[in-house]
Amino acid sequence: MKNSNRKLLSLVATAVLALATAHAQAREFRSAEVHSKDFPTNMAVKHMSDDLSAATGGKDKIKIFADSSLGSEKDTVEQVKIGALDMVRVSSATFHGIVPESVIPSLPFLFRDIDHFRATMYGPVGDKILAAFEKAGFVGLVMYESGARSMYAKKPIKTVADMKGLKVRVQPSDLMVGLVSAMGASPTPMPIAEVYTGLKTGLVDAAENNYPSYEEAKHFESAPYYSETMHVMTPEVLVFSKKVWDTLPKEEQAAIRKAAKDSVPYYVKLWEAREKDSKAAVIKGGAKITAAADIDRKAFVEAEKPVWDKFANTPELKALVKEITGTTN
Ligand code: GTR
């Protein structure tokens, strides 16, 4: 073979090998989600996937499994823990029993308003809480706001006395069980996918969530009285499996972190619009709203005091609470 031909052949071989290697390392991370495809949390992870793909020359992408198709939030978090699943977006309530720090932003009536939430959870305190996921085997990427959760039932709720004896569906979390018990009601933990039937069949009389979930899951059909108790502002959280993370090169980890962070402002815009649209949609669908101004907030705050003492129960957790309540916005 002529020398020039041999050179060409070896060049081609190198190129083919490089392509094959790049292909072998291409990753489609799998992420689970309970909401439907067009919900803001899903759109945010899709945005993250596009950014990640651009940053890695098309190598990395994220495939989302929506609508609880891979199981409940608890199931998918367990899959992420063992590395069977790469990522998950869940309510941070799913981590209450796993990451003690994750309980803090779910303390009832902790945040004064959404600006107070943003000033803390999108800043150093939020980063501290996310960093705490690491020791439990998760890489906390970002938190997203989820507005305020309020009670809905077959009757309006104006004060704590209206809660007496109600069977209320809660997220599977000791704090949520404690929060509802402190109002004199009976908490029933169950995954979100079961709540529609639970309300319809009378297994539960009530539930609590923000407007977008109340609308998306059609809970207003059986529990048409939405009362703006706004008792908790539990954030959403996006986590990566530490098992998988530790196998990734540093540059790839940095690209994932950056794409996740950059999805937050995009999400916030979508979320704000969705809250308004969902409120209008449920009213159109027959829901009756009791506005925050007509709720005896003072009575609810008073009833929830023991929950703070029970769940912010170490010097470290108390310090986190202080950092949040002490932040001015
Ligand atoms: C929603 C949240 C979901 C899920 C759901 C629930 O607000 O976005 O991740 O936790 O609440 O009540 O189960």
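Counting starts at 1 for both ligands and their atoms, following the listed order. Throughout, residue positions are numbered sequentially from 1 according to the sequence presented.
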For atom 5 (C) of ligand 1, what is the nearest protein heavy atom, given as residue, atom name and distance?
Asn209 ND2, 3.7 Å
Any non-hydrogen atom of Glu208 lying under 4.0 Å from ligand 1?
no
SB check Arg27 Glu252 (cutoff 4.0 Å)
no
Mind telling me whether Tyr122 and Phe117 have parallel, tilted or perpendicular rings, with 30° and 60° as the class edges?
perpendicular
Does the plane of the ring in His219 sit parallel, tilted or perpendicular to the ring in Tyr152? Use 30° and 60° as the thresholds.
tilted
Using a 4.5 Å cut-off on heavy atoms from C-beta on, say whether the side chain of Glu228 contacts that of Ser150.
yes
Any Glu33 heavy atom less than 4.0 Å from ligand 1:
no
Residue among Glu33, His35, Lys46, Glu236 satisfying side-chain hydrogen bond (donor to acceptor under 3.5 Å, both in side chains) with Thr41
Glu33
One finds that the ligand 1 atoms under 4.0 Å from a non-hydrogen atom of Ser213 are 1 (C), 7 (O)
List ligand 1 atoms under 4.0 Å from Asn210, heavy atoms only on the residue side.
7 (O)
Can you report which non-hydrogen protein atom sits closest to atom 10 (O) of ligand 1, along with the distance?
Glu73 OE1, 2.8 Å
Nearest-neighbour protein heavy atom for atom 12 (O) of ligand 1, which is reported as residue plus atom name and distance
Arg169 NH1, 2.7 Å
